[in-house]
Structures are given as structure tokens and as C-alpha cells.
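Order of the sequence lines fixes the chain letters, A, B, ..., with proteins taken first and strands second; residue numbering starts at 1 for each chain.
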2 protein chains.
Amino acid sequence: MPTLTAAQRREQARVEYDAFIKGCPTNQLLDRLSDKWVSLVVAALSNGPMRYSDLSRKIAGVSPKMLTQTLRALERDGILTRTVTPSVPVRVDYALTPLGSSLAGLLTAVKAWAETHIEEVHEARERYDGTPG
Amino acid sequence: MPTLTAAQRREQARVEYDAFIKGCPTNQLLDRLSDKWVSLVVAALSNGPMRYSDLSRKIAGVSPKMLTQTLRALERDGILTRTVTPSVPVRVDYALTPLGSSLAGLLTAVKAWAETHIEEVHEARERYDGTPG
DNA sequence: CCGTATCCCGTAAGATACTG
DNA sequence: CAGTATCTTACGGGATACGG
């Protein structure tokens, strides 16, 4: 392997990395799951099906755009189902699939971890911020 | 409660939401954890301490900026420690704290979920993409 | 070797208005 | 009610060069 610039090495590393995650799709999915709205939507639905307006109310501050975008992505991945009832007005229900439920369990565990350890994190931050140097 | 515009209601909802996560800091931490680089760094360190250059090699494609930024944030939150050995050249080791290790366990579980269910996700995507309308 | 500092750009995502 | 369409803006994040 000849001499490479830092940029070339980084580029090559990225290509190898991309190739790697084709065989080991962990990082692809981790990427998808590392999304604020995904966590919130899945957590919200873990208590049972919800309508679009229910979700937009529960996940306060979410714009219709992001909510729809997130719901579509999760539907595509088989995490949740979208059920349209052609009444007037239209009614749409979102529910976790069994696949989604199993994921919700893990995200709930992370949520519980946050609840349990938030004080330690706060103390760590004060310690860190208070350190002069 | 008087009539509010959609914007006003959204604004108010966001304020309440912010107030809510002050008492229930779950979402704050979830936000922090919902980061691609956080997941990768914590996962990388779950096998033991690593030096800066080790991390930048293992987490292929990461720029020095993002790596440092992520490491500092996690250090501040007490997730990992940064140990400088004043040799020449300088040596810096990063290691998970017990707090970080407990988190790593959960993230590993999510990672395992991804590995287990990636095929289902792929099938779901093909089904979704193949659906004409 | 371990970063910091700077520039810069693409895009994620919020606000807003409108439709079936 | 359940979204779509459009504009705009902030900022995440990459490239690069340099300092301790």
C-alpha cells in the first residue's frame, strides 16, 4: 500500500466501512434507530395503538412533516402498521407490529436507564463544568 | 382556555414539553443517546479501553472533530473517562465508567436486536417498496 | 500523537399554508 | 382528521490546516 494522504485514507476507510456494514447490517439499523423521533414514536406506541392526532399531541413539538416522515419510515421497516378507516372524516391508526414491540422493549430499557441514572449524569456534568482547567 | 392559533398551541405544547422533561429527564438523555456517534463510541469501548487513534480507526469515517466532540460530551456526562499519560508523544486512553458500562449493555442489546431482525426489516422494505400504491 | 480552529456546504427539520 | 407542499433556516458534520 503506497503512501496516502489523510483524506485518501479516510476515504478508503469509509468505503471499507460501507462495505462492512453491508455484511454486518448492525450499523445501518443502529443509524435508523439513532433518531430522536423514532424513539419517541415507538415509545408512544408501546402502550397501544394511537391515531395520528394522538401522536402529534403526545409527542409535543413535533411538526406534521417529521411525524409523517418518521411514521412512514417505520412502517416501511415493518416496525409499525398503518390502518386507514375510510370513515368521514378519515381515521388512521398506528400500531406496533410484534417486531416493533420487541424493539420497544429495548428502547424502554434505555429509557429506564436514563430515568435511573440522570442524577449521576447531572452530578458528572457539574463536576466537569466546575473543574477550572 | 381561549382560542389559539395552531402556532400558539404548538408553542405552548413545546413549553409544557420542555417543562415536562425537566421533571422527567428521560427525553433529554434519550436525545443525547439518539446519536450515531455516541452509539458507535460506546460500542467500541465496551470491549475495553482504547486510545484516540484506536477509536478513529475502529470508527471508520469519523472526522477528528466529531470524535473529539462526542468523547467530550460523554466524558462530561460521566459515561467515560479520559486519561492522559504525559509521555512523548502524549498518550490518551478512553474507558467506560461503570455508568457507561451499564449503558453499553443496553446499546449492545439494541445492536443484537438489529442483527437478529435485519432480515425481517429487509423483507418488510421489499414488500413496502413493491406495493404499487 | 492528540487533538483544536476554521471554513463551508448539504440537508435535516421547523414554520406555514393548503388539500382530499 | 390526516396529511402534503413549499420555503427557509440552523446546524450537523466533513475537509483542511495548524498547535501542544
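To the nearest angstrom, C1' of D:dT4 lies 14 Å from CG of A:L71. If you measure from atom CD of B:E75 to atom P of C:dC2, you get 15 Å, rounded to the nearest angstrom. A straight line from CG of B:L67 to C1' of D:dT16 spans 17 Å, rounded to a whole angstrom.
Of the candidates C:dC2, C:dA13, D:dC1, D:dC1 carries the atom nearest the A:R51 side chain, counting heavy atoms from C-beta on. When distances run from any side-chain atom of B:P89 to the nucleotides C:dG14, C:dT4, C:dC1, the shortest one goes to C:dC1. Here C:dA13 is the nucleotide among C:dC1, C:dA13, D:dG3 with the atom lying nearest to any side-chain atom of A:M66.
Atoms CZ and CG, from A:R76 and B:D129 in turn, are 4.0 Å apart once rounded to the nearest 0.5 Å.
Dashed line: the shortest gap from a side-chain N or O of B:R82 to OP1 or OP2 of C:dG3 is under 4.0 Å. Contact annotation: B:T68 side-chain N/O to C:dT4 OP1/OP2 distance is under 4.0 Å. Note on A:R72: a side-chain N or O is less than 4.0 Å away from OP1 or OP2 of D:dT4. B:Y94 has a side-chain polar atom (N or O) that falls below the 4.0 Å cut-off from OP1 or OP2 of C:dG3.
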task = Please test B:L71 against B:Y52 for side chain to side chain contact (heavy atoms under 4.5 Å, CB included), starting from the C-alpha separation and ending with a verdict.
result = CA-CA 9 Å; B:L71 289 168; B:Y52 182 91; 4.0 Å; yes
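A donor-acceptor contact shorter than 3.5 Å is absent between the side chain of B:S34 and the backbone of A:S34.
Residues B:T70 and B:V38 meet the side-chain proximity criterion, which asks for heavy atoms closer than 4.5 Å.
Both B:K65 and B:Y52 lie near DNA chain C, and the one whose nearest nucleotide falls closer to the 5' end is B:Y52. Each of A:S53 and B:V90 has a nearest nucleotide on DNA chain D; the 5'-most of these lies closest to A:S53.
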